[in-house]
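First up is the structure itself, then whatever we jot down about it.
Here the structure is a predicted model, which means the values were calculated and not measured. Chain naming here is simple, since letters A, B, ... match the order of the sequence lines and numbering starts at 1 in each.
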Amino acid sequence: MSQAGKGRLNYRCPSCFMRDLDIDMFYDKDTEEYYCLRCQFTGKEDEVLKLNEMARFRYKNLLKRITDFE
Amino acid sequence: MSKFILNIIHRPEMVPEYAEKVTGQGKKEDIGRKSLLTESLDIFKLQQEIAHENGFKTTIQMTYASLFNEEAVQLAKEHHEKYGDEIGLTLLGLPCKEFREKYKTKDFCIWMFSMEDKKSIVNDVFEKFHEVFGFYPTSTGSYYMDADLTNYIKEKYPMVKCAVATCWEEGPKAYRTCNNSWYTLFDGGPWNPWIPSKANTHAPAANAEEDSGIVAIPHLSRDLLACFDGNGSNFGTHPQNVLRGMIYKDGEYPYLFNLIDQYKSLQKYNNGYAYNMMFVGPGWMNKMGRWEAPYELLVKSYRDGMAYYAELRDKGEIEDMTMTEFADWYRVNKSYTEPECALWKDILYGSEKQLFWYVDPYLRTCVDMNQGGALIDLRPYVAKLEWPVGIGTKHVQDASYPFLIQSMYRAGYFTHYAGEGTIKSLKVSYEGEEVDLCLCRTKGKYSKKGKDTILTLDPVEIEFSDLKLKLVTTFTFTEGSSEIKVSRKIIEMSNPDAKVHLNEYMTACYGTTEYPEDMCGITLRCAGKEETKELSYNYKCREESVSNATKVEAVVPQINTRVSLIPGSTGMEGYLREGYAFSPMFTLGLTKTISNSEELITCLKLEKAD
């Protein structure tokens, strides 16, 4: 098994992102998985994308244009 | 006055932070790599092009590295001629072959160098700038400019008028988000431009004697709620920061525009003035993308951000200035003691939470309406704390202005199991029951009366087993006073004959991070008309009280600060509480029993201890 590298995009670990940590993931081309050096997360690209969607749960006004600031 | 001012700043950073690490993955480090230099300059050109297409002038902050690049220098000259861009000089972007050969270090943050190196670097970059352009710059900056650095620059290059001097609440939170590897520790400053004091950059000057001689601007305009409890680098007028926070969907990021608009709305709290700045380092728009955001989205967000500013400008709602133009404007239109205020609303999480931020030369504080008007941040600027930073000082990296209260780092109302957290609030007691206003969610309204900035909270309802009451809190900040007057008035009671006990308290400590400091050496004192009681902090969990209090105070020599609570009327009891090792805090309080329609007035005062 050769060393890991970066994937198509430089994904961050979604599990760490949800605890306010920006940790680059590395890509294991043998298993086609991204993995985190800090926590135990591993996942394929589609799972990372799905979890990145989930991470936005806290932004209830993500798509809302606000005009009243009182 | 109705003025919303915009500074757009670009820097040709020949070796952008992040870019070497990201684009150079799998390659041996080489900061002279041609592909890196070419791409960096291309990004700068693109940023300039986008600003100019939208009809804006920029401030080009030349980096040391770019002064050795003929094309970058030529571009700056051309853009100054053609678009009126200002050519300034940043102390960011130091790394390059020439710098590394001379200083033999990979350090790149100017405030962290030894004073000797700071002087030498300033001389080198300013003289190189002069050699290239034939004049000295009038604006400079970095992520943080410590007071000694600014004082030296002003002494040697008095023409400098403006500097990017801090990044709001970039401290332990940013450090942690970056896997404990990004050492920009400088919490505790103002969020909008200010005139720094000679003693400490964060603390605004109170008069001409304290004036450092520059107008400081923050690095970006940050979300005053999201950044206080989150990674600051996700929430600012930096489109790619918004992408970093994943605050977008399908290429849309209304949050960025909401943020700009909320800054614009701050005009109503600051005599018609509001401010915004955008300053994106080239590393954020590199062709490899930035994390999961592809290059195309990075560029689109920059175009969209600039186009939105242009839309506001076309409606006459914003005015672009260069940094030096802004400094000149600021000097004419602002006084030393005029406070900067922001009644800030949550625009992202849907909580309707509201914070009131206040800064003047004597203090910075934050009132949390979601906790009944509790003070959740307090920085005693009045101490004008001399806090040298960099190699050879006690604070190599930690440039934050110390707090007395910081409810995120040292808990607030809520603690686990034992102990107390830093907060200033009110407890209301009636027949053995007690309610803390921290659990009463409310909203606030701003008003101004002469020299007084007034924050009036909507009435909160407190419910005991057999008594209901309504209470109104009002904060008054009198310009130049270094005091916060707090009024708690009962406006309604289900039993008009009932009497309730009010306890106005402040639990505090000192520090700059989440971790406790040694509290020994702090003196706690409560003074009454008949007697004064005092103790020296030693973690013994002691308490003292006096009747007919005239003052309760703590002297914290570690931050040269005296903080006191002063009764606004007679007949109050004053008390103090020492903490213990598991609760390294102290509490000062004033109490009184009052009836319907009565009011408890107290005053929080901050002074320099010596």
Between chain B and each of A/Glu70, A/Arg12, A/Arg38, A/Arg19, count heavy-atom pairs under 4.5 Å; write down the option with the most.
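It is A/Arg12.
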Min side-chain heavy-atom separation A/Lys44-A/Glu32 under 4.5 Å
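Yes, their side chains come closer than 4.5 Å.
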Between B/Trp168 and B/Cys227, is any pair of side-chain heavy atoms under 4.5 Å apart?
yes
Considering only heavy atoms, which portion of [X] lies under 4.5 Å from any heavy atom of chain B: side chain, backbone, both, or neither?
X       : answer
A/Glu53 : side chain
A/Ile23 : side chain
A/Arg56 : side chain

B/Phe228 vs B/Trp357 aromatic rings, parallel, tilted or perpendicular, using cut-offs 30° and 60°?
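Rings of B/Phe228 and B/Trp357: perpendicular, as their planes differ by over 60°.
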Heavy-atom cut-off 4.5 Å, strictly under: side chain, backbone, both or neither for B/Tyr269 against chain A?
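Answer is side chain: those atoms of B/Tyr269 sit under 4.5 Å from chain A.
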Between A/Asp46 and A/Lys50, does at least one N-O distance fall below 4.0 Å, as a salt bridge requires?
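No, no charged N to carboxylate O under 4.0 Å.
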Would you mind checking if B/Glu514 and B/Lys173 are paired as a salt bridge, meaning a charged N to carboxylate O distance below 4.0 Å?
no
Shorter than 4.5 Å, heavy atoms on both sides: which option in B/Asp250, B/Asp261, B/Asn231 has the most such pairs with chain A?
B/Asp261
Pick from B/Tyr255, B/Tyr248, B/Trp344, B/Trp291 with the largest number of heavy-atom pairs that fall under 4.5 Å of chain A:
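Option with the greatest count: B/Trp291.
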Among B/Glu352, B/Gln354, B/Lys445, whose side chain to side chain contact (heavy atoms under 4.5 Å, CB included) with B/Met369 holds?
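Exactly one option meets the side chain to side chain contact (heavy atoms under 4.5 Å, CB included) with B/Met369, and it is B/Gln354.
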